[in-house]
Amino acid sequence: MRYLIPFLFLFTACSSGPMITAQSVPTPTRTDTLEASYDRAFTAVLDAYSAKGFGVDEVNKDVGLAKSGFKQSGNIVGSKARSQFSARISRLDSTRTKVQLTATAQRETMSGWNAASMTEERARKLYANAFSTIKDQL
């Protein structure tokens, strides 16, 4: 029994993988090409923010920027967490548009809001889910 707790700690530490922030995910993972016109893709990004409960903080269609507001949530131990998305939207041609997302995830600490760490797998799923929601809006 005395070896069980150290083993479980070692197993958990090894299986969780390295911790990263959502912004440090490689650009190809945060980028997708949509089969949609620029206008339709831009609207789909805004609609996806709304579908996931985010407000819209900043929109500049001329430069291709759509930034959500922060969405706040709590976690199991009662501390606050919040997240936000920023999208860079670029016209490739009349029927294809590139969208590059940057997610910001933060936790509130005694010193204010700080970047939240997560496994790379969790961060990749975050972006995959976001792109899925955007595509659902097309």
Fill in: Closest non-hydrogen atom pair between Gln72 and Trp113, with its separation
OE1-CZ2, 4.1 Å

Discussion item. My understanding is that only residues two or more places apart in sequence, or in another chain, count here; which of them pass salt bridge (charged side-chain N to carboxylate O under 4.0 Å, His left out) with Arg40?
Written reply: none

Response to the item:
Nearest heavy-atom contact between Met118 and Ala105 is CE-CB, 3.8 Å

Fill in: Residues Thr29, Arg124; criterion side-chain hydrogen bond (donor to acceptor under 3.5 Å, both in side chains); working and verdict
CA-CA 7 Å; Thr29 300; Arg124 288 179 182 276; 2.7 Å; yes

Fill in: Distance-minimising heavy-atom pair for Ile20 and Ala123
CD1-CB, 4.0 Å

Fill in: Shortest non-hydrogen separation from Ala103 to Ala22 and the atoms involved
O-CB, 3.4 Å

Discussion item. According to a hydrophobic-cluster definition based on side-chain heavy atoms being under 4.5 Å apart (Ile, Leu, Val, Met, Phe, Trp, Tyr only), do Val25 and Met19 belong together?
Written reply: no

Worksheet item: Is atom CD of Gln23 surrounded by more than 12 heavy atoms (other residues, nucleotides or ligands) closer than 6.0 Å?
Response: yes

Item to complete: Taking ring-ring contact (aromatic ring centres under 6.0 Å, His included) as the test, write out the residues that go with Tyr127, two or more places apart.
Response: none

Worksheet item: So, for Pro26 and Glu120, which heavy atoms are closest and what is the spacing to 0.1 Å?
Response: CD-OE2, 4.4 Å

Fill in: Option from Thr33, Thr97, Leu34 for which side-chain contact (heavy atoms from CB on, under 4.5 Å) with Leu92 holds
Thr33

Discussion item. With rounding to the nearest 0.5 angstrom, report the CD to OG distance, Gln100 to Ser86.
Written reply: 9.0 Å

Worksheet item: Leu126, Phe70: one ILVMFWY side-chain cluster at the under-4.5 Å cut-off?
Response: no

Discussion item. With heavy-atom distances below 4.5 Å as the criterion, would you say the side chains of Asp32 and Ile134 are in contact?
Written reply: no

Worksheet item: What distance do Arg96 atom CZ and Ser90 atom OG have between them, rounded to the nearest 0.5 Å?
Response: 12.0 Å

Worksheet item: With sequence neighbours excluded, what pairs up with Ser94 under the side chain to side chain donor-acceptor pair (under 3.5 Å) test?
Response: none

Discussion item. Could you go through Lys98 and Ile89, starting from their C-alpha distance and side-chain angles, then the distance that decides it, and tell me whether this counts as side-chain contact (heavy atoms from CB on, under 4.5 Å)?
Written reply: CA-CA 6 Å; Lys98 181 174 81 171; Ile89 304 160; over 6 Å; no

Practice prompt. With the side chain counted from C-beta on, respond yes when Asn114 and Gln106 share a heavy-atom pair under 4.5 Å apart, and no when they do not.
Written response: no

Worksheet item: What residues, two or more places apart in sequence or in another chain, satisfy salt bridge (charged side-chain N to carboxylate O under 4.0 Å, His left out) together with Glu35?
Response: none

Worksheet entry | Polar side-chain atom of Thr133 near backbone of Asn129 as donor-acceptor pair, under 3.5 Å | yes

Worksheet entry | Validation row: Arg88, Leu65 side chains within 4.5 angstrom (heavy atoms) | yes

Worksheet item: Is a side-chain donor or acceptor of Arg107 paired with a backbone partner of Ala81 at a separation under 3.5 angstrom?
Response: no

Practice prompt. Specify the closest pair of heavy atoms between Tyr49 and Ala66, including all atoms of both residues, with the distance to one decimal.
Written response: OH-O, 2.7 Å

Practice prompt. Report yes or no: does Ser68 contribute a side-chain atom to a donor-acceptor pair with the main-chain N or O of Phe85 at less than 3.5 Å?
Written response: yes

Worksheet item: Got Val99 and Phe131 here, is their nearest side-chain heavy-atom distance under 4.5 Å?
Response: yes

Discussion item. Suppose the criterion is salt bridge (Lys or Arg N to Asp or Glu O under 4.0 Å): which pairs have a residue in residues 46-72, not counting sequence neighbours?
Written reply: Asp39-Lys61

Response to the item:
Contacts of Gln84 meeting side chain to side chain donor-acceptor pair (under 3.5 Å) (sequence neighbours excluded), chain-then-number -> none

